[in-house]
Amino acid sequence: MAETGAETGRERARHWQYAELPGVDLLRARYIRKSFVRHTHENFVIAAIADGVEVFHHGGSDQYAGAGALALVNPDTPHTGRAGVPEGWRYGALYPPPEAVAAIAAETTTLRGTPGFATPVLDDPYTVRLVHQVLRATDEGNALAADTLLRVVVTRLLRLNGGSPPRRRVRTAGARTAARARVLLEERMAAPPTLEQLADELGTGPFALLRAFRDTYGMPPHTWLTDARVRRARLLLDAGTLPSEAAVAVGFTDQSHLNRHFGRIVGVPPGAYQRERKNVQDARRTFHVRSGVWQQNNRQHAQRYVTGPPREENRTAPSSGTPWGSGSPSDFPDSPSG
């Protein structure tokens with residue numbers, strides 16, 4: 001699939017999906033001045049740093065992920081993102097949905113219940129290479145390699161850094177008030193109330209509501225609303241809605257308003273994002289028989305790989321074209337993802 005991502009100066013980014021990995025978002029990017037505002041993802045974030053350093057605020061402090069490390073974020077966890085060095089950072093990222101991660105965990109690990117990552121940064125060059133090879137496999141249209149290597153990535157990360165996602169400790173009454181506020185904001189996204197109006201409707205004070213909402217969701221209501229608007233705009237863009245129409249539908253004043261917030265959360269402009277989605281939809285229509293490799297267990301290949309090799313950290317990851325062979329950094333010297 002041709003790369004039609006966004007470029008700004010020396011910065012470049014591509015945010016896309018691959019038809020044979022339904023529900024999994026993919027990203028390649030080099031950012032220098034880009035700054036991601038506090039936001040969340042419905043899916044897991046597995047970001048493999050190829051060069052430079054990314055700094056992201058997570059769990060109350062700044063986290064640093066350099067070359068050879070992974071930035072790992074659980075679903076619905078507020079975080080930011082920015083360059084940690086003047087030259088910025090270059091990375092590739094996978095965003096698998098929670099249900100897919102849970103299925104892999106149940107099949108290949110001892111984790112039960114809702115799996116998650118225990119720490120937000122993991123130094124593991126081997127898995128970093130695997131992440132980039134998943135992306136390369138999607139570029140090559142190698143569905144078997146993409147599916148298999150993605151399962152290997154998730155399994156390895158859960159074995160090395162898996163656990164139960166941390167939960168915020170909030171007072172029950174405050175959490176209930178915050179949840180009601182969230183429902184009201186979702187219902188009135190295009191014309192939201194003020195903080196005072198929202199508090200009056202819920203029978204509480206503005207500052208009490210602000211504290212409860214921030215304690216429950218990790219951000220104040222207005223920040224959460226911007227994040228929710230971008231999420232809904234993504235769904236509209238996926239469905240083919242024009243960016244200008246999506247902007248108004250979710251409550252932004254115009255398309256430029258959507259563009260600004262969309263880029264600070266998703267990493268690419270709405271137009272580039274939608275073009276990639278259209279490419280995936282067109283590709284799906286060309287498939288007469290879906291292979292369904294992501295939905296199937298693919299036990300023989302995935303299980304053979306994840307239980308076979310030892311865990312030496314200096315082991316060379318396989319190339320995407322030959323999942324059981326060896327690879328080297330020269331396998332993809334020109335790839336934006338490294």
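In this chain, numbering begins with 1 at the start of the sequence shown.
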ILVMFWY network linking Phe262 to Val248, side-chain heavy atoms under 4.5 angstrom: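 Result: no, two separate clusters.
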Val268 with Val37, same ILVMFWY side-chain cluster at under 4.5 Å: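 Yes, because Val268 and Val37 connect within a single hydrophobic cluster, where side-chain heavy atoms sit under 4.5 Å apart.
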Side chain to side chain contact (heavy atoms under 4.5 Å, CB included) between Arg234 and Asp25, intermediate numbers included: CA-CA 12 Å; Arg234 288 181 61 179; Asp25 285 329; 2.7 Å; yes
How many angstroms lie between [atom1] in [X] and [atom2] in [Y], if you round to the nearest 0.5 Å?
X: Thr80; Y: Glu54; atom1: OG1; atom2: CD; result: 8.0 Å
X: Leu225; Y: His261; atom1: CG; atom2: NE2; result: 10.0 Å
X: Leu150; Y: Thr138; atom1: CG; atom2: OG1; result: 10.5 Å
X: Arg28; Y: His132; atom1: CZ; atom2: NE2; result: 9.0 Å
X: Met219; Y: Thr226; atom1: CE; atom2: OG1; result: 9.5 Å
X: Leu94; Y: Leu27; atom1: CG; atom2: CG; result: 9.5 Å

Over all heavy atoms of both residues, which pair between [X] and [Y] is shortest? Give the atoms and the distance, please.
X: Pro96; Y: Val154; result: CG-CG2, 4.5 Å
X: Ala13; Y: Gly267; result: CB-O, 3.9 Å
X: Gly68; Y: Asp123; result: O-OD1, 3.2 Å
X: Leu135; Y: Gly92; result: CD1-CA, 3.6 Å
X: Val24; Y: Gln17; result: O-CG, 3.5 Å
X: Gln274; Y: Pro243; result: OE1-CD, 3.6 Å

Cluster companions of Val55 among Ile, Leu, Val, Met, Phe, Trp, Tyr (side-chain spacing under 4.5 Å):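 Its cluster mates, by chain and number, are Val53, Tyr64, Val85.
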Donor-acceptor pair, distance only, cut-off 3.5 Å: does the side chain of [X] make one with the backbone of [Y]?
X: Thr216; Y: Phe213; result: no
X: Asn142; Y: Ala145; result: yes
X: Glu11; Y: Ile32; result: yes
X: Thr148; Y: Leu144; result: yes
X: Arg229; Y: Met189; result: yes
X: Gln197; Y: Thr194; result: yes
X: Asn43; Y: Tyr95; result: yes
X: Thr177; Y: Ala173; result: yes
X: Lys34; Y: Gly263; result: yes
X: Glu107; Y: Ala102; result: no

NZ/NE/NH1/NH2 to OD/OE distance under 4.0 Å, [X] and [Y]:
X: Glu201; Y: Arg188; result: yes
X: Asp76; Y: Arg231; result: yes
X: Lys278; Y: Asp238; result: no
X: Arg211; Y: Asp215; result: no

Pairing residues for Gln255 by the side chain to side chain donor-acceptor pair (under 3.5 Å) criterion, not counting sequence neighbours: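 Gln255 satisfies side chain to side chain donor-acceptor pair (under 3.5 Å) with no residue once adjacent residues are dropped.
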Plane angle bin for Tyr273 and His15 - parallel if under 30°, tilted between 30 and 60°, otherwise perpendicular: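 Aromatic pair His15/Tyr273 classed tilted.
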Aromatic plane relationship, Tyr91 with Tyr31 - under 30° parallel, 30 to 60° tilted, over 60° perpendicular: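 Ring orientation, 0 to 90° scale: tilted.
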Any [X] side-chain heavy atom under 4.5 Å of [Y] side chain:
X: Thr40; Y: Pro78; result: yes
X: His58; Y: Pro120; result: yes
X: Val121; Y: Leu72; result: no
X: Pro115; Y: Thr109; result: no
X: Glu99; Y: Ile104; result: no

Centroid-centroid under 6.0 Å between Phe56 and Phe36 rings: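 They do not qualify: ring centres at least 6.0 Å apart.
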Proximity of His79 and His57 rings by center, below 6.0 Å: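 Centroid distance His79-His57: not below 6.0 Å, so no.
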Reference residue Leu70; test side-chain contact (heavy atoms from CB on, under 4.5 Å); the match among Val153, Val128, Asn161: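 By the side-chain contact (heavy atoms from CB on, under 4.5 Å) criterion, Leu70 pairs with just one of Val153, Val128, Asn161: Val128.
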With Glu187 via side chain to side chain contact (heavy atoms under 4.5 Å, CB included) - residues at least two apart: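 If we apply the side chain to side chain contact (heavy atoms under 4.5 Å, CB included) test to Glu187, skipping adjacent residues, the hits are Val183, Leu184.
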Test log, rule side chain to side chain contact (heavy atoms under 4.5 Å, CB included), inputs Val230 and Phe252: CA-CA 10 Å; Val230 170; Phe252 290 121; 4.2 Å; yes
Trace of the side chain to side chain contact (heavy atoms under 4.5 Å, CB included) decision for Val101 with Leu158: CA-CA 9 Å; Val101 173; Leu158 289 175; 4.1 Å; yes
All salt bridge (Lys or Arg N to Asp or Glu O under 4.0 Å) counterparts of Arg182, not counting sequence neighbours: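 Arg182 satisfies salt bridge (Lys or Arg N to Asp or Glu O under 4.0 Å) with Glu186 only.
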Salt bridge (Lys or Arg N to Asp or Glu O under 4.0 Å) involving Asp227 - partner list, sequence neighbours excluded: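 Here no residue qualifies.
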Go through the side-chain N and O atoms of [X] and [Y] and say whether any donor and acceptor fall under 3.5 Å apart.
X: Thr127; Y: Arg156; answer: yes
X: Tyr18; Y: Asp139; answer: no
X: Arg214; Y: Thr223; answer: no
X: Gln63; Y: Ser61; answer: yes

Result of checking Asn259, Thr253, Asp254 against Ser256 for side chain to side chain donor-acceptor pair (under 3.5 Å):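 With Ser256 as partner, Asn259, Thr253, Asp254 yield a single side chain to side chain donor-acceptor pair (under 3.5 Å), made by Asp254.
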Partners meeting ring-ring contact (aromatic ring centres under 6.0 Å, His included) with Phe44 (sequence neighbours left out):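 Phe44: ring-ring contact (aromatic ring centres under 6.0 Å, His included) contacts with Phe117.
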Derivation of the side chain to side chain contact (heavy atoms under 4.5 Å, CB included) call for Leu185 and His222: CA-CA 9 Å; Leu185 290 175; His222 69 279; over 6 Å; no
Within 6.0 angstrom of Glu87 CD, more than 12 heavy atoms from elsewhere: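 Above 12, so yes.
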